[in-house]
Structures are given as C-alpha cells and as structure tokens.
Amino acid sequence: MAAELYERVWAVVKRIPRGKVATYGQIAALVGMPRHARQAGYALAATPENRKIPWHRVINAQGKISLRLKRWESGSDDLQRILLEAEGVLFDSTGKVDLKRFRWQPESAPEKSKR
DNA sequence: CTACTGACTGATC
DNA sequence: TGATCAGCCAGTA
C-alpha cells in the first residue's frame, strides 16, 4: 500500500530542520517520487496529528502555503504561516517564503546548478 | 475501465 | 506578480 510511502514522507518531513521549508516536489523526490508532488501532498494531508509531523514546513514550489485555501476555520487565517514565522521563516509582502534562503537542501539532494 | 478531483509543478501570456 | 494551460499520479465514484 502507499501507506508506506506516507510514512517515508513523514520521515523526510521530520528531517526538515527548524527554520527551513521544503516543497512537495522536493519531498516527493526524496521519497522516490520525482513527479508525484500531488501524492506527496496527499501524504501530508493524511499526516496524523499524533505523529508530531511539522507539516507546516512543507509548502509548494511557489513558496506559498497550499492547502487550496478552501476550508480554513474561521479565525485562523494562516496557521501554517504563523508556525513558520515562529520558527524564523519570513514571508514577503506577497505572503511568500524566500525559498532561496529558507529552502531545505538535504545532503542527498544536490540542488546546485542554476536551474 | 472511464471520469473526476486533488496540500502540485513548470511554462507561458 | 498573477492567472491560465497542460502534464503527472493515485484514489474514489
């Protein structure tokens, strides 16, 4: 079952150091799914609270909070954003994170060479 | 098996 | 910067 992949995703997410963030595509690639960003998101969506997973450190490639912003509970605008700011991740005027500075770059994921 | 939807991504306008 | 289009995979109806 894909549940194993989920656990793998969570494991990767847990490896994200405080004050850093990672994109879905990045996580997906780390777990062995180069083009499964969506599924990576699925895994995060299925992340059980009891797992203590810093899911808020996982954002989209645009450096913005995803979640399709469709069902945020009244009152809590951007919980994810608050949590990230609390860890040192800053957002710009457009509400985006400076991936150039806060993107988590795992050793196993050489992300050099200008794209 | 086909169709639709979904925490996405990258390119283009 | 922001919106739109198409591509990708998986789960569910």
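Per chain, numbering begins at 1; letters A, B, ... match sequence-line order. We use all heavy atoms of the structure for the numbers below, so side chains are in, but hydrogens, waters and symmetry mates are not.
The CH2-P distance, from A/W10 to B/dA7, rounds to 17 Å in whole Å. Taking atom CD of A/Q26 as the reference point, atom P of B/dG10 lies 11 Å away to the nearest angstrom. Put simply, CD1 on A/I59 is 13 Å from C1' on B/dC8, counting in whole angstrom units. If you take CZ of A/R8 and P of C/dA10, they are 15 Å apart, rounded to a whole angstrom. The interatomic distance linking A/Q62 (CD) with B/dA7 (P) rounds to 15 Å, in whole Å. In this structure, NZ of A/K64 is placed 14 Å from P of B/dG10, rounded to the nearest angstrom. When the P atom of C/dC8 is taken as reference, atom CG of A/N60 falls 20 Å away, rounded to whole Å. Remark: C1' of B/dA7 and CG of A/L84 are 13 Å apart, rounded to the nearest angstrom.
Consecutive Watson-Crick or G-U pairing (both distances under 3.5 Å) extending over three or more pairs maps onto DNA chain B as B:2-6 with C:9-13, B:8-13 with C:2-7.
Annotation: A/R8, atom CZ; neighbour count of heavy atoms from other residues, nucleotides and ligands within 6.0 Å does not exceed 12.
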Discussion item. The test is side-chain contact (heavy atoms from CB on, under 4.5 Å); show your working for A/L30 and A/W104 and say whether it passes.
Written reply: CA-CA 12 Å; A/L30 287 171; A/W104 173 54; 3.8 Å; yes

Item to complete: Evaluate side-chain contact (heavy atoms from CB on, under 4.5 Å) for A/R103 paired with A/K20, printing each intermediate quantity in order.
Response: CA-CA 6 Å; A/R103 173 124 75 110; A/K20 292 282 185 176; over 6 Å; no

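For the OP1/OP2 pair of C/dT1 and a distance below 4.0 Å, the side-chain nitrogens and oxygens of A/K96 include at least one atom meeting the criterion.
A distance of 12.5 Å separates CD of A/Q26 from CG of A/N60, quoted to the nearest 0.5 Å.
Looking at heavy-atom distances under 4.0 Å, A/A61 makes contact with sugar-phosphate atoms alone, never a base.
Results of the side-chain contact (heavy atoms from CB on, under 4.5 Å) test with A/V9 over A/V58, A/L44, A/I53 single out A/L44 as the only residue that passes.
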Got a list of side-chain donor-acceptor pairs under 3.5 Å for residues 82-91 of chain A, not counting sequence neighbours?
unit_1 : atom_1 : unit_2 : atom_2 : d
A/E87  : OE1    : A/R57  : NE     : 2.6
A/E87  : OE1    : A/R57  : NH2    : 3.2
A/E87  : OE2    : A/H56  : NE2    : 3.1
A/E87  : OE2    : A/R57  : NE     : 3.2
A/E87  : OE2    : A/R57  : NH2    : 2.8

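In the set B/dC8, C/dA10, C/dG2, B/dC8 carries the atom at the smallest distance from any side-chain atom of A/Y24. Nearest nucleotide to the side chain of A/Q80, out of B/dG6, B/dA7, B/dT9: B/dA7. For A/L44, counting side-chain heavy atoms from C-beta on, the closest listed nucleotide (B/dA7, C/dG2, B/dG10) is B/dA7.
Comparing A/G25 and A/Y42, the nucleotide of DNA chain B nearest to each residue sits closer to the 5' end for A/Y42.
Put simply, the side chain of A/W55 never gets that close to the backbone of A/W10: no donor and acceptor are under 3.5 Å apart. Formation of a donor-acceptor pair under 3.5 Å by the A/Q80 side chain with backbone atoms of A/I59 is not found in this model.
The stretch residues 33-40 of chain A comes close to DNA chain B through A/A37, A/R38, A/Q39, each having a heavy atom under 4.0 Å from the strand.
Shown here for A/T23 and A/A61, the closest heavy-atom pair between the two residues is CG2-CA, 3.7 Å.
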